[in-house]
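Scroll down for the structure; my scribbles are underneath it.
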Amino acid sequence: MKNSYQLIEPEFLNKLDNRFSVFDFAIINFIVDVLRKEETIISLPIKVDVVIANYNGKYPTIGIHYEDESIGNVEDVILNLIKKCMTDYPLGNFYEYLLLNQDRLHEEFKGLGSVPNVT
């Protein structure tokens with residue numbers, strides 16, 4: 001998996017039924033921001049990004065860029081950290097993130113205008 005991407009699609013993304021709002025987009029970005037600050041992620045030769053997947057329509061999801069294939073698949077590690085993020089982070093953290101990043105998120109979301117399932 002050297003220099004390759006892996007898509008990580010947490011269970012909650014499946015519940016969104018491929019109709020993404022700016023709020024859903026913000027949640028994915030918040031999770032990626034939290035993941036990037038986790039010591040476990042920092043210690044691994046990977047990069048975590050929001051990427052646009054194209055499977056039964058285009059939609060934003062979480063992408064892992066592997067810089068070293070010797071670490072193996074980190075999907076379970078990522079999914080466990082996402083579950084931790086969804087249960088352990090107070091709503092206030094997400095709200096603060098929205099306030100600090102609302103202009104950037106709005107512009108990036110508007111840039112997804114060609115994505116048919118984004119509302």
Side-chain angles (χ1 to χ4, degrees):
M1 288 188 287
K2 188 172 185 175
N3 292 320
S4 63
Y5 270 95
Q6 177 181 11
L7 298 182
I8 305 291
E9 298 183 344
E11 189 175 316
F12 79 88
L13 288 178
N14 295 331
K15 295 176 183 174
L16 296 176
D17 196 24
N18 286 337
R19 289 179 292 215
F20 285 83
S21 69
V22 69
F23 184 74
D24 304 320
F25 185 69
I27 291 172
I28 293 169
N29 276 272
F30 174 71
I31 290 170
V32 166
D33 187 65
V34 169
L35 289 173
R36 288 176 178 160
K37 296 173 185 172
E38 286 284 336
E39 285 298 321
T40 304
I41 300 301
I42 293 169
S43 69
L44 294 170
I46 62 172
K47 291 183 181 174
V48 182
D49 294 302
V50 175
V51 298
I52 303 302
N54 190 5
Y55 179 75
N56 291 329
K58 294 181 180 180
Y59 56 95
T61 192
I62 299 168
I64 305 300
H65 178 230
Y66 287 83
E67 297 176 336
D68 182 353
E69 63 187 29
S70 68
I71 64 167
N73 189 326
V74 298
E75 182 173 17
D76 289 340
V77 171
I78 300 293
L79 289 173
N80 286 331
L81 288 171
I82 290 169
K83 285 180 188 175
K84 177 183 170 192
C85 175
M86 296 295 284
T87 58
D88 292 358
Y89 279 79
L91 180 60
N93 288 31
F94 177 62
Y95 182 70
E96 182 179 328
Y97 176 83
L98 283 177
L99 290 178
L100 293 172
N101 294 282
Q102 62 184 330
D103 292 336
R104 178 187 61 81
L105 290 168
H106 183 69
E107 287 304 311
E108 288 179 12
F109 186 77
K110 280 186 359 186
L112 299 176
S114 62
V115 179
N117 296 326
V118 174
T119 59

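Here I31 contributes atom CD1 and Y97 contributes atom OH; the two are 10.0 Å apart, rounded to the nearest 0.5 Å. For the atom pair I78 CD1 and I41 CD1, the distance stands at 3.5 Å (nearest 0.5 Å). In this structure, CD1 in I64 is found 5.0 Å from CD1 in I46, a value given to the nearest 0.5 Å. Atom-to-atom distance recorded for D33:CG and C85:SG is 9.0 Å, nearest 0.5 angstrom.
The hydrophobic clustering, which links ILVMFWY residues whose side-chain heavy atoms are closer than 4.5 Å, places Y89 and L79 together. Both I52 and I27 are assigned to one and the same hydrophobic cluster, defined by single-linkage of ILVMFWY side chains at heavy-atom distances under 4.5 Å. In the hydrophobic clustering of ILVMFWY residues, with side-chain heavy atoms under 4.5 Å counting as a link, L99 and F23 come out apart. Grouping the Ile, Leu, Val, Met, Phe, Trp and Tyr side chains by contacts below 4.5 angstrom, directly or via other members, places I42 apart from I71.
Among all heavy-atom pairs drawn from L7 and G63, the shortest one is CD2-CA, 4.4 Å.
A salt bridge (charged side-chain N to carboxylate O under 4.0 Å, His left out) check over residues 71-97, counting only residues at least two apart or in different chains, returns the pairs E38-K84.
Relative ring orientation between F109 and F25 is described as tilted, the plane-to-plane angle lying within the 30° to 60° band.
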Is there a side chain to side chain contact (heavy atoms under 4.5 Å, CB included) between T61 and V51? Walk through the geometry before answering. CA-CA 5 Å; T61 192; V51 298; 4.0 Å; yes
Steps toward side chain to side chain contact (heavy atoms under 4.5 Å, CB included) verdict (V34, N93): CA-CA 10 Å; V34 169; N93 288 31; over 6 Å; no
For a side chain to side chain contact (heavy atoms under 4.5 Å, CB included) check, start with the C-alpha distance between F30 and N101, then their side-chain angles and the critical distance, and finish with the verdict. CA-CA 9 Å; F30 174 71; N101 294 282; over 6 Å; no
Apply side chain to side chain contact (heavy atoms under 4.5 Å, CB included) to Q6 and I62, showing your working. CA-CA 8 Å; Q6 177 181 11; I62 299 168; over 6 Å; no
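Contact check on R104 versus E107 returns no salt bridge, with no Lys/Arg side-chain nitrogen under 4.0 Å from an Asp/Glu carboxylate oxygen.
Applying the side chain to side chain contact (heavy atoms under 4.5 Å, CB included) test between L105 and each of L100, V50, I28, N29 identifies N29 as the sole match.
Remark: side-chain polar atoms of Y66 are paired, donor with acceptor, to backbone N or O of V74 under 3.5 angstrom.
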